[in-house]
Amino acid sequence: MAGHSKFKNIMHRKGAQDKKRSAMFSKLSREITVAAKMGMPDPDMNPRLRAAINAAKAQSMPKDNIQRAIDKASKGDGENYEEVRYEGYGPGGIALIVEALTDNRNRTATNVRTAFSKNGGNLGASGAVSHGFERLGLIEYPASAGDEEKVLEAAIEAGADDVESEAGEEGGHSIWTSVESLHEVARELEKALGEAESVKLAWKPGLKVEVAEGDAQTLFKLIDVLDDDDDVQTVWGNYEVSDEVMAKLG
């Protein structure tokens with residue numbers, strides 16, 4: 001079990017996804033619809049749908065919106081989304097993995113490629129950077145779920161592999177599991193800590209790279225542009241940004 005880590009820097013800064021509420025709801029709805037289409041429309045029988053609904057609830061998405069997204073799948077309405085992954089390098093050689101749900105691969109590929117090329121990066125071929133990451137399950141809890149010791153104890157009991165905790169209001173707890181045991185561990189954790197903020201498959205970097213101040217600004221611009229794209233669901237990276245650099249960037 002590992003100790004402290006600035007896990008919020010592994011993905012993108014908290015707040016990037018708070019900028020546009022309607023865009024965020026649209027992404028959450030898309031994930032709910034895809035999850036409901038791929039399995040049963042009942043969250044108790046469909047772990048991916050359950051995780052998608054929990055993520056939507058954590059962002060205060062109205063119940064009506066959630067139900068509408070599930071109904072869309074059961075009625076066979078709307079577009080057929082497919083999962084696509086893009087890999088590339090950002091400023092300073094930072095490795096990035098972009099996960100998307102799209103109904104038009106050409107549009108999404110063009111948008112992602114443009115975002116990289118205009119913000120100091122370049123898109124690579126499939127597999128270009130994912131070898132430096134591990135595919136794992138990730139369960140996130142806010143700091144209010146408990147202190148580091150309480151969460152660590154609950155995670156060990158639930159059969160998790162690793163825990164990263166960060167202090168402070170903006171902090172929280174990241175609990176890592178194997179892909180196979182994600183939903184089982186999440187179910188056990190819920191008994192001890194309540195409902196998680198999110199339960200999902202994630203890309204965890206093997207080695208993190210410290211980002212210099214000049215590169216950090218461009219990197220965050222690239223991540224923000226990608227995050228603003230309706231098709232893009234998640235951006236993962238192997239970057240670590242120091243508190244000093246974060247403070248300068250505001």
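Residues: numbered from 1 along the sequence shown.
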- Query: Given the rule that I, L, V, M, F, W and Y join up when any side-chain heavy atoms are under 4.5 Å apart, are Trp176 and Phe133 in one cluster?
  - Reply: yes

- Query: With the threshold set at 4.0 Å, does a side-chain nitrogen-carboxylate oxygen contact exist between Glu188 and Lys191?
  - Reply: yes

- Query: Above 12 or not: heavy atoms from other molecules or residues under 6.0 Å from CD of Glu82?
  - Reply: yes

- Query: With hydrophobic residues grouped by side-chain heavy-atom distances under 4.5 Å, do Val84 and Val232 end up in a single group?
  - Reply: yes

- Item | Heavy-atom side-chain proximity of Tyr86 to Ile97 below 4.5 angstrom | no

- Same hydrophobic cluster for Ile175 and Val179, using side-chain heavy-atom links shorter than 4.5 Å among ILVMFWY? yes

- Message: With heavy-atom distances below 4.5 Å as the criterion, would you say the side chains of Arg50 and Asn46 are in contact?
- Response: no

- Atom CD of Glu153: over 12 foreign heavy atoms under 6.0 Å: no

- Query: Counting N and O atoms only, with roles assigned by atom type, does the side chain of Ser181 sit under 3.5 Å from a partner on the main chain of Glu184, one being a donor and the other an acceptor?
  - Reply: no

- Message: Do Arg30 and Asp230 make a side-chain contact, defined as non-hydrogen atoms from C-beta onward lying under 4.5 Å apart?
- Response: yes

- Query: Would you say Gln217 has more than 12 foreign heavy atoms packed within less than 6.0 Å of its CD?
  - Reply: no

- Gap separating the CG atom of Leu28 from the CD atom of Gln233, nearest 0.5 angstrom: 7.5 Å

- Presence of salt bridge, Lys200 and Glu99, under 4.0 angstrom: no

